[in-house]
Amino acid sequence: MKECILQLAGVEKKVPVGTPFLTLTASGCGIIAVSVNGQLKDLSAEINEDAIVEFLSFDSPEGKEIYRHSSSHLMAQAVKELFPAAQMTIGPAIEDGFYYDFDFERPFTPEDLLQIEERIREIIKRDLSVHRMELSREEAIALFKERGESYKVELIEEIENPPISAYRQGDFIDLCTGPHLPSTGIVGEIRLLAIAGAYWRGSEKNKMLQRIYGTSFPNKEQMANHLKNLEEIKKRDHRKLGKALDLFSVCDEVGAGLILWHPKGAIIRKTIEDYWRNEHLSAGYELVFTPHLARLDLWKQSGHLDFYKENMYATVEVAGDPYKIKPMNCPLHIMIYKSRLRSYKELPFRWAELGSVYRYERSGVLHGLMRVRGFTQDDAHLFCRPDQIESEILKVLDFTTAVLGAFGFSEYEIYLSTRPEKYVGTLDKWEMATTALQGALKQKGLSYQIDPGEGVFYGPKIDMKIKDALGRSWQCTTIQVDFNLPDRFNLTYRGADSQERQPIMIHRALLGSIERFFGVLIEHYGGAFPTWIAPVQVKILPITEEQSEYANSVLNTLTAIGIRCELDSRKETIGARIRDAQLMKVPYMVIMGKREVVEQTLSVRDRGGASTIMTLSDFIKQINQEVVYRQTKTTKPNG
């Protein structure tokens, strides 16, 4: 009998050809799928080659995706059993869960979700075996036409390389590449969470579908922890807190995706921007400003009109010439570079701008501050010689961790994205840039993952995702090496040999955008910002009118040295005014009664409820310490 040699966790094992992988796992061990030479397969797949084999459980990222995608099939089966007229479209796994889009004659209700959830539990109890089917295009089309699934037929007609795979569990069949769990009985806990609208294929020109979101876990404890986390996420929702704390708003009269910054939000924004500018100047950057629109020809030359047209707003006529509102700052920084001859001795140039840009986003994806149509990009462009790339990347990495650390972020996921199939520039330039990025990451001792083929067409890049207080990842920093724009705009500098050379351009966004970063900050801190960011740092609360003179004196002293204060002398009880200050998440409340006036002290209460008596000078020292030494002070995010 012919045998295959498998490498299992470094141990060699000989197995007869045709043996299912499932027979190599123990019953109840939690294994749900298998990776064979890096390719994910069902446990029912047969062994037919020598291979490096890794068995996957729910604890692995791949295992979670397979588990959740199988759960979406469970939900689709339950929907079809309860509502046979509903047509299926797509149902992928997503981070922490799954969804499935349906075309149904009426809106699903919360009561429907409870009914669907109960039917899912019945299907789990049936413990149906899950089988892979491979079909020709004609067989697949005939099968799904017979079942009345027109969306599936549309998808099949676009598949280029048959055979086409589908999965059956009981009487339910769905088009899918897999892999899947071996049976429906493996799913432990499942919850359906929400209903939303979604256009077929994400296009507003297509029919609106109904999207049901859900999640699943192997046991009740994991599900309970996740649901508790979801409740915390709801409490920290930046849209809810933005309204409660009077930070920002969006209104139809102005336009979707366009942010109105209220006074308290504007103070936070100013604080962020002031810090950003000061740190950039200290780090050797120069500040630039560029206009909000530019001639159409500039966007043609940069390539944005070809590659980015669908995200750019309509052409504006200015004195008979066509202009575009800018979606990017880079072509304008390039024109500053081209304004005169440059020498190798001057490089690198580091130019930074908080530049407002405008990009068209579909209304369905707009989301508070996180996805908008007008935003201020935390932007910088570095123009350097090829031999300077690695040293500049090192500086950017150091700068990034220092600035993000000042805002309370110290955990990152880092990805190095390499050359895609379609690219510009020579292979040696790609190799040079990729090596420089990789070398910088290694020198800094930063762990990272290779994201093969995910670089932008003009160069490789580093992406850094910050982790917030709830463990969620947010894309912020990106460092991109660009050969394309210097070539398109014929950028040059005079080298040591007096010959014209082409500089390398590095695009660098550190916070990403002020709007999105502000949204992340709100949710990270639950609106309880550290003292240096808080819009109101101190609320002064005299108990009666008798303390008004002392209260105003303290207010004036603190305000004069730049501490953001408010005096609340309303004719409310002191308890009510303290509660109001706590609801607004003010870091410190200074309460003044007769004793404080006589002793010339302050009764200082923090938003957590801790109180102490101190002098005004000691209080000023404490506030200043939290503001000036924010980069080294550990601030615990809380709501």
Side-chain angles (χ1 to χ4, degrees), residues 4-76 91-100 120 123-124 127-134 165-169 174-190 214-223 225-226 413 415 447-454 471 473:
C4 293
I5 300 173
L6 305 182
Q7 295 289 336
L8 291 160
V11 177
E12 191 173 286
K13 185 179 181 69
K14 292 184 179 180
V15 179
V17 170
T19 303
F21 285 98
L22 185 61
T23 62
L24 303 182
T25 65
S27 176
C29 65
I31 300 300
I32 58 178
V34 63
S35 170
V36 183
N37 290 330
Q39 183 180 358
L40 300 179
K41 292 191 176 187
D42 300 301
L43 286 177
S44 60
E46 295 181 350
I47 299 164
N48 54 25
E49 62 178 336
D50 296 345
I52 298 171
V53 174
E54 180 186 2
F55 287 110
L56 303 173
S57 69
F58 178 83
D59 294 331
S60 67
E62 299 90 347
K64 283 184 175 65
E65 184 171 354
I66 293 165
Y67 194 94
R68 265 67 181 266
H69 186 51
S70 296
S71 300
S72 79
H73 278 221
L74 271 174
M75 180 174 71
I94 56 176
E95 188 174 2
D96 291 332
F98 58 86
Y99 69 78
Y100 211 113
I120 290 171
I123 297 169
I124 290 171
D127 195 18
L128 302 171
S129 295
V130 179
H131 301 285
R132 180 182 175 88
M133 307 163 61
E134 291 198 348
S165 60
Y167 279 79
R168 177 191 289 274
Q169 50 198 52
D174 200 356
L175 180 72
C176 190
T177 58
H180 278 277
L181 301 178
S183 77
T184 63
I186 290 174
V187 175
E189 292 290 312
I190 195 163
T215 192
S216 56
F217 288 88
N219 57 58
K220 290 181 179 179
E221 183 182 2
Q222 287 172 300
M223 178 63 79
N225 289 337
H226 179 70
E413 292 176 352
Y415 299 87
S447 60
Y448 63 93
Q449 300 176 49
I450 298 288
D451 204 357
E454 291 302 314
S473 294

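Owing to the predicted nature of the structure, the values given are computational and were not obtained by experimental measurement. When a residue number appears, it is its place in the shown sequence, counting from 1.
- Among residues two or more places apart in sequence or in another chain, the side-chain hydrogen bond (donor to acceptor under 3.5 Å, both in side chains) test is passed with Glu413 by Tyr415, Ser473.
- The backbone N or O of Thr177 sits less than 3.5 Å from a side-chain atom of Arg132, completing a donor-acceptor pair.
- Across Leu22 and Thr25, no two heavy atoms sit closer than the pair O-OG1, 2.9 Å.
- Applying the side-chain hydrogen bond (donor to acceptor under 3.5 Å, both in side chains) test to every pair with at least one member in residues 42-65, sequence neighbours left out, gives these pairs: Asp42-Tyr167.
- Distance alone, capped at 3.5 Å, is enough to place a donor-acceptor pair between the Ser165 side chain and the Cys176 backbone.
- Within the model, atoms CG of Leu74 and CG of Asp174 stand 11.5 Å from one another, a figure rounded to the nearest 0.5 Å.
- Pairing each heavy atom of Phe58 with each of Phe217, the nearest pair is CZ-CD2, 3.8 Å.
- Side chain of Arg68 to main chain of Ser216: a donor-acceptor pair is present (N/O by atom type, distance under 3.5 Å, no hydrogens or angles).
- Counting all heavy atoms, side chain and backbone alike, Lys14 lies closest to Ile5 at CG-CG1, 4.3 Å.
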When the side chains of residues 179-190 are checked against the rest of the protein, which donor-acceptor pairs come out under 3.5 Å, sequence neighbours left out?
unit_1: His180; atom_1: ND1; unit_2: Ser70; atom_2: OG; d: 2.9
unit_1: Ser183; atom_1: OG; unit_2: Asp127; atom_2: OD1; d: 2.8
unit_1: Ser183; atom_1: OG; unit_2: Gly185; atom_2: N; d: 3.4
unit_1: Thr184; atom_1: OG1; unit_2: Ile123; atom_2: O; d: 3.0
unit_1: Thr184; atom_1: OG1; unit_2: Leu128; atom_2: N; d: 2.8
unit_1: Glu189; atom_1: OE1; unit_2: Arg191; atom_2: NH1; d: 3.3

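- For the pairing with Leu43, the side-chain contact (heavy atoms from CB on, under 4.5 Å) check across Leu56, Ile31, Ile32 returns one residue only, Ile31.
- When every heavy atom of Ile66 is checked against every heavy atom of Ala33, the shortest pair comes out as CD1-CB, 3.5 Å.
- Taking the side chain to side chain contact (heavy atoms under 4.5 Å, CB included) definition, one finds that Gln39 meets it with Lys41, sequence neighbours left out.
- With sequence neighbours excluded, the residues satisfying side-chain hydrogen bond (donor to acceptor under 3.5 Å, both in side chains) with Gln7 are Glu12.
- From Leu8, atom CG reaches atom CZ of Phe21 across 8.5 Å, with rounding to the nearest 0.5 Å.
- For Ser129, the side chain to side chain contact (heavy atoms under 4.5 Å, CB included) partners are His131, not counting sequence neighbours.
- Within 6.0 Å of atom CD1 in Ile52, 12 or fewer heavy atoms from other residues, nucleotides or ligands are found, so the atom counts as exposed in its surroundings.
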